[in-house]
**Student:** 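My structure is below; once you've seen it, I'll send some questions.
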Amino acid sequence: LDTRCGGPTLNKEQELWLIKKSIPLFDPKKPGWIYESQVTDFAKAYNLLGQIPIVLKAEDMIDYSILKSIYSSN
(Lines give C-alpha, C1' and ligand atoms only; values in the text may rest on other atoms or scores of the structure.)
Protein backbone atom coordinates (compact mmCIF):
# COMPACT_ATOMS: atom_id res chain seq x y z
CA LEU A 1 0.00 0.00 0.00
CA ASP A 2 1.24 3.44 -0.96
CA THR A 3 2.38 5.45 2.09
CA ARG A 4 1.12 8.65 0.38
CA CYS A 5 -2.44 7.26 0.54
CA GLY A 6 -2.48 5.97 4.10
CA GLY A 7 -0.05 3.10 3.61
CA PRO A 8 -0.31 0.24 6.06
CA THR A 9 -3.08 1.97 8.04
CA LEU A 10 -5.58 1.30 5.21
CA ASN A 11 -6.62 -1.91 3.57
CA LYS A 12 -6.64 -2.27 -0.21
CA GLU A 13 -10.33 -1.38 -0.59
CA GLN A 14 -9.94 1.76 1.54
CA GLU A 15 -6.92 2.92 -0.45
CA LEU A 16 -8.64 2.33 -3.80
CA TRP A 17 -11.71 4.24 -2.57
CA LEU A 18 -9.53 7.16 -1.47
CA ILE A 19 -7.65 7.25 -4.79
CA LYS A 20 -10.87 7.15 -6.84
CA LYS A 21 -12.40 9.96 -4.77
CA SER A 22 -9.22 12.04 -5.17
CA ILE A 23 -8.95 11.77 -8.98
CA PRO A 24 -11.46 14.60 -9.68
CA LEU A 25 -9.33 16.95 -7.56
CA PHE A 26 -6.45 16.86 -10.03
CA ASP A 27 -6.06 19.29 -12.91
CA PRO A 28 -5.75 17.41 -16.24
CA LYS A 29 -3.94 20.39 -17.79
CA LYS A 30 -1.16 20.12 -15.19
CA PRO A 31 -0.59 16.42 -14.45
CA GLY A 32 0.19 15.88 -10.80
CA TRP A 33 -1.02 19.35 -9.79
CA ILE A 34 -3.71 19.75 -7.14
CA TYR A 35 -5.16 23.04 -5.92
CA GLU A 36 -5.13 24.18 -2.31
CA SER A 37 -8.84 25.04 -2.21
CA GLN A 38 -9.76 21.58 -3.43
CA VAL A 39 -7.68 19.90 -0.75
CA THR A 40 -9.00 22.08 2.06
CA ASP A 41 -12.62 21.68 0.89
CA PHE A 42 -12.10 17.91 0.76
CA ALA A 43 -10.63 17.94 4.28
CA LYS A 44 -13.45 20.14 5.63
CA ALA A 45 -16.05 17.76 4.19
CA TYR A 46 -14.35 14.77 5.82
CA ASN A 47 -14.17 16.65 9.11
CA LEU A 48 -17.89 17.44 8.98
CA LEU A 49 -18.59 13.76 8.33
CA GLY A 50 -16.53 12.85 11.38
CA GLN A 51 -14.00 10.95 9.27
CA ILE A 52 -11.05 13.09 10.41
CA PRO A 53 -10.74 14.86 13.77
CA ILE A 54 -9.30 18.19 12.56
CA VAL A 55 -8.68 20.11 9.35
CA LEU A 56 -4.98 20.76 8.94
CA LYS A 57 -3.54 23.91 7.39
CA ALA A 58 -2.96 23.61 3.66
CA GLU A 59 0.81 23.78 4.07
CA ASP A 60 0.62 20.74 6.36
CA MET A 61 -1.24 18.73 3.69
CA ILE A 62 0.34 19.90 0.43
CA ASP A 63 3.97 19.99 -0.69
CA TYR A 64 4.31 21.75 -4.04
CA SER A 65 8.13 21.84 -4.04
CA ILE A 66 8.63 19.03 -6.55
CA LEU A 67 5.87 20.22 -8.87
CA LYS A 68 7.07 23.83 -8.74
CA SER A 69 10.52 22.65 -9.72
CA ILE A 70 9.16 20.61 -12.63
CA TYR A 71 6.93 23.37 -13.99
CA SER A 72 9.53 26.12 -13.61
CA SER A 73 12.04 24.15 -15.70
CA ASN A 74 9.63 23.83 -18.66
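Both backbone and side-chain heavy atoms feed into the values below; hydrogens, waters and symmetry mates do not.
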**Student:** Please name all residues satisfying side chain to side chain contact (heavy atoms under 4.5 Å, CB included) with Leu16, sequence neighbours left out, ordered by chain then number.
**Tutor:**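 Partners of Leu16 by the side chain to side chain contact (heavy atoms under 4.5 Å, CB included) criterion, ordered by chain and then number, come out as Lys12.
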
**Student:** Any chain of hydrophobic side-chain contacts (each under 4.5 Å) joining Tyr46 to Ile54?
**Tutor:**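 Yes, Tyr46 connects to Ile54 through the hydrophobic network.
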
**Student:** Among residues at least two apart in sequence or on other chains, which ones pass side chain to side chain contact (heavy atoms under 4.5 Å, CB included) with Glu13?
**Tutor:**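 Glu13 satisfies side chain to side chain contact (heavy atoms under 4.5 Å, CB included) with Asn11 only.
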
**Student:** Quick one: CZ on Phe42 to CD1 on Ile52, what's the gap to the nearest 0.5 Å?
**Tutor:**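 Going from CZ on Phe42 over to CD1 on Ile52, the span is 9.0 Å.
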
**Student:** Can you sort out the partners of Lys20 under side chain to side chain contact (heavy atoms under 4.5 Å, CB included), two or more places apart, ordered by chain and number?
**Tutor:**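 So Lys20 forms no side chain to side chain contact (heavy atoms under 4.5 Å, CB included) with any residue.
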
**Student:** So, taking the atom named CG in Asn47 and the one named CG in Leu56, what distance separates them when rounded to the nearest 0.5 Å?
**Tutor:**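 Going from CG on Asn47 over to CG on Leu56, the span is 10.0 Å.
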
